[in-house]
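Written below as structure tokens is the structure these notes are about.
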Amino acid sequence: MKISNLFLGVFIKAFLENFNFFLKELKFNVRIKLEKLGSLNGPRALEQDKKHKNRKIEKRELNVKQAEQLYLNEKFLRVVKMVNQNVDSKSIVDRATKRPIEQVLRALENLDEQNLSDIEYFVNEYLHEPGIEITRAKLLDWKEEPQFVENIKNADLKLFFKSLNNQWLDLYKQFDCEFLDESCVSSHLPMKYPFVVPGGRFIEIYYWDTYWTIEGLLVCGMLQTVRQSIENFVDFINKYGFIPNGSRVYYLNRSQPPYFSQMVQRYFDFSMQSKDLSDEAKKEIRNFVLNECLDCMIKEHTYWMNEKSVEIPIGNQRSCRLNIFKANTTKPRPESYFEDLHTASDLSTNEEKEKLYLDIATAAESGIDFSSRWFKDPMNMNTIQTSDLIPVDLNSVIYKSEVIISDLCRLKGDVERARLFKRLSLKRRFAINKVLWCSDMNCWADFNYKTKKFTEHFYVSNLSPLWFDIKPPNNLNEMDMIKQHLTNSIDSYHGIPYSYIKSSQQWDFPNIWAPNQHNLIEFIHKFDRDLSLKLAKKFFKSIYKGWESSKAFYEKYNAHTPGERGHGGEYEVQSGFGWTNGVVFKLIEIFKDDIFE
């Protein structure tokens, strides 16, 4: 009898999962038909539908604080984990509620953590499966054969390009307000427009990932989708004063490397150079960039200077202000709650644990989560010290933002503010070369402003000022620096590893990541096309071999073996994958058929 009930339970669960999937697909197809019908009924129908959706979004905004009460609640994290000990921590906080949030919070408060059957009832009755409210969206500017395909002659490369282009259809998502009752909550932040996700377990938009996604979208001519991404970020800055790490309530305690200005600049330059846009469309884009976007760039810059900066003395009673990563939390990350508890298990005092949790979340803010770069002892995560370091790459990114803001202010006619940000950029450039230049390494390095020491090991980020147009001091030649630090990697590996330290962290050796390849290749290309092509071919070969064997694209790859996925870190390697795809599109645009051996 028990066996029969067990099989019946398994059958019912499988049926419900398939039925839910069927409903989501049916709803998606019905929505597309209704959207087409709305477009046939004219602009008024579309405008009414947009207003209706915006009202839904505004109501969801009121639920964000209530959502935080649930998804940041440590009791909630513990009890859901008890139902399945092997569950990914992130999947716990990605479950929307089936019932109004007040009922869920009340039931959670009354829940006995020792009673497993009550906990199972709570999970089944009050929570949806992870990601139920994130649904496929219809791409309106996607083409089966983007115009750029005409530039590709090699038949195999053209086939690969088309397969890569098809990935956008799977990665384009939306937060579906219609799927949840009004008083139910999700950990996903309300967003006006659909968005491109990285893929795999990452079913929300991520801040700095989006820069490389945009690079790929522009190659495919998908200007409307790029605009939506930027509009979503404008909305975030106006609401929160910054762009969160990702579009979840549990990411509101931190940001990521501030690439917003560079995203807008790429969108603006592409639009102004486009032969397909009318003068009227270009005028609208110019107005959008020089007003809403520029205002948000300045707001974001203010946030980083007020919340994440330190004053460093540089002699002669002078000082400079440089930026650091620093999350606004001293607790375990909800999306990696049990992993953080495990990391802290060897520490004895609350003070030690709180500093550890701060530095773990701060490393997540850097986007480099995790790497020995942040550890005092490269092999021991317990020695993490992220918030004590002045990162080379962060300050280079903000330098670039200051340059862009100055240029756009001048274009707008705001000469006074253009001069202000020009002065800020010059001061920062001087400070980067004064404070972060390590003579012993003959390159820049992260600087611990508490111990007054540089980090000892080389990371690709040590060279990041180069691709943000900062020249090294002492009239050093940029390409001499590249050859000194990277020649062995270019010759030996299928991409440049982020570090040469073989730890268990995913940003350490032997993993290679697309953003680093993009930065290096584009920079080297300015000076030596043959060398940049050599590096591009090696990285592309790894992507292509992986696609040949699995028809998938991954977030990271192995430096030793072309096509082999990367390993290490808190989770299994994910496929998709937004920024990898974006970088590959960009490399094909630069080198065309030459990239294909």
Side-chain angles (χ1 to χ4, degrees), residues 25 28-40 43 46 50 135-174 193-199 205 209-232 263 266-282 284-285 288 514 518 540 543-544 547 551-553 575-593 595-596:
E25 289 297 303
F28 172 76
N29 290 322
V30 168
R31 183 192 297 114
I32 298 309
K33 289 180 180 179
L34 289 175
E35 285 176 356
K36 289 180 179 178
L37 181 62
S39 64
L40 290 174
L46 289 174
K50 184 177 180 181
T135 61
R136 278 202 302 159
K138 174 68 174 178
L139 276 166
L140 300 178
D141 55 353
W142 180 85
K143 295 179 180 177
E144 188 173 352
E145 284 204 12
Q147 188 174 351
F148 182 78
V149 175
E150 297 173 3
N151 297 314
I152 301 173
K153 307 304 179 188
N154 184 291
D156 290 332
L157 181 58
K158 189 173 289 191
L159 181 65
F160 171 84
F161 187 100
K162 290 179 180 179
S163 177
L164 192 62
N165 184 47
N166 287 336
Q167 296 298 307
W168 298 129
L169 300 173
D170 293 328
L171 299 177
Y172 191 61
K173 307 290 185 184
Q174 64 185 347
Y193 298 101
F195 43 90
V196 180
V197 304
I205 196 170
D209 292 54
T210 304
Y211 173 78
W212 287 278
T213 299
I214 283 175
E215 288 280 17
L217 291 170
L218 290 177
V219 173
C220 296
M222 296 169 64
L223 203 59
Q224 183 177 345
T225 304
V226 172
R227 174 65 175 261
Q228 289 176 340
S229 299
I230 292 172
E231 293 249 24
N232 281 328
M263 295 179 201
R266 287 290 296 117
Y267 168 69
F268 183 64
D269 290 344
F270 183 93
S271 301
M272 294 303 103
Q273 294 165 14
S274 173
K275 296 178 181 178
D276 298 324
L277 293 176
S278 66
D279 290 342
E280 185 179 353
K282 290 183 180 182
E284 188 279 330
I285 291 170
F288 170 65
H518 172 252
F540 179 82
I543 307 298
Y544 188 82
W547 172 75
K551 292 297 180 281
F553 303 93
S575 63
F577 194 85
W579 67 10
T580 301
N581 304 357
V583 169
V584 174
F585 275 125
K586 190 64 183 176
L587 296 182
I588 295 174
E589 180 187 55
I590 294 170
F591 298 106
K592 302 181 179 63
D593 290 279
I595 201 170
F596 195 79

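This chain uses plain numbering: 1 for the first residue, then up along the sequence. These figures come from a predicted structure and were not determined experimentally.
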Check your understanding: What do the steps show when you test L139 against M222 for side chain to side chain contact (heavy atoms under 4.5 Å, CB included), and what is the final call?
Key -> CA-CA 9 Å; L139 276 166; M222 296 169 64; 3.6 Å; yes
Exercise for review: Please indicate whether Q147 has more than 12 foreign heavy atoms, meaning atoms of other residues, nucleotides or ligands, lying under 6.0 Å from its CD.
Suggested key: no
Check your understanding: Is there a donor in the side chain of R227 and an acceptor in the side chain of Y267, or the other way round, less than 3.5 Å apart?
Key -> yes
Practice item. Show your working on salt bridge (charged side-chain N to carboxylate O under 4.0 Å, His left out) between K162 and E145 and close with a plain yes or no. Key: CA-CA 7 Å; K162 290 179 180 179; E145 284 204 12; 2.7 Å; yes
Review point. If you take all heavy atoms of G216 and W168, which pair is closest and at what distance?
Key: C-CZ2, 3.7 Å
**Study point:** No-hydrogen, no-angle side-chain donor-acceptor test under 3.5 Å, Q167 and Y172
**Key:** no
Review point. Between the side chains of T213 and W579, does any donor sit under 3.5 Å from an acceptor?
Key: no
Check your understanding: Are the side chain of K282 and the backbone N or O of M272 linked by a donor-acceptor pair below 3.5 Å?
Key -> yes
Check your understanding: Quick one: are H518 and W212 in side-chain contact, heavy atoms under 4.5 Å?
Key -> yes
Review point. F160 vs F540 aromatic rings, parallel, tilted or perpendicular, using cut-offs 30° and 60°?
Key: perpendicular
Point to revise | Gap separating the CD atom of E215 from the SG atom of C220, nearest 0.5 angstrom | key: 11.5 Å
Point to revise | Pairwise side-chain contact, T210 with M263, heavy-atom cut-off 4.5 Å (strictly under) | key: yes
Point to revise | Rounded distance [0.5 Å steps], CG in D170 versus OG in S575 | key: 9.5 Å
Check your understanding: Roughly how far, to the nearest 0.5 Å, is the CZ atom of F596 from the NZ atom of K158?
Key -> 13.0 Å
Point to revise | Exercise: identify the closest heavy-atom pair between P198 and L171 | key: O-CD2, 3.7 Å
Practice item. Taking D593 for its side chain and N154 for its backbone only, find out whether a donor-acceptor pair lies under 3.5 Å. Key: yes
Check your understanding: With no hydrogens and no angle check, is any side-chain donor or acceptor of S229 less than 3.5 Å from a backbone partner on T225?
Key -> yes
Check your understanding: Roughly how far, to the nearest 0.5 Å, is CD1 of I230 from CZ of R266?
Key -> 10.5 Å
Revision key, fill the gap. Nearest heavy-atom contact between F148 and K592 is CZ-CG, 4.4 Å
Review point. Does Y193 offer a backbone N or O that forms a donor-acceptor pair with the side chain of N232 under 3.5 Å?
Key: yes
Review point. Looking only at heavy atoms, which two atoms of L587 and I595 are closest? And how far apart?
Key: CB-CD1, 3.6 Å
Practice item. Identify the heavy atoms of K153 and E150 that sit nearest to each other, and give their distance. Key: NZ-O, 3.4 Å
Exercise for review: Nearest 0.5 Å please: distance from the CG atom of L217 over to the CZ atom of F270.
Suggested key: 10.0 Å
Check your understanding: Which one of V226, I285, L218 satisfies the side-chain contact (heavy atoms from CB on, under 4.5 Å) criterion with S271?
Key -> I285
Point to revise | Smallest separation among heavy atoms of L277 and L223, with atom names | key: CD1-CD2, 3.5 Å
Check your understanding: What distance separates N165 CG from F585 CZ, expressed to the nearest 0.5 Å?
Key -> 5.0 Å
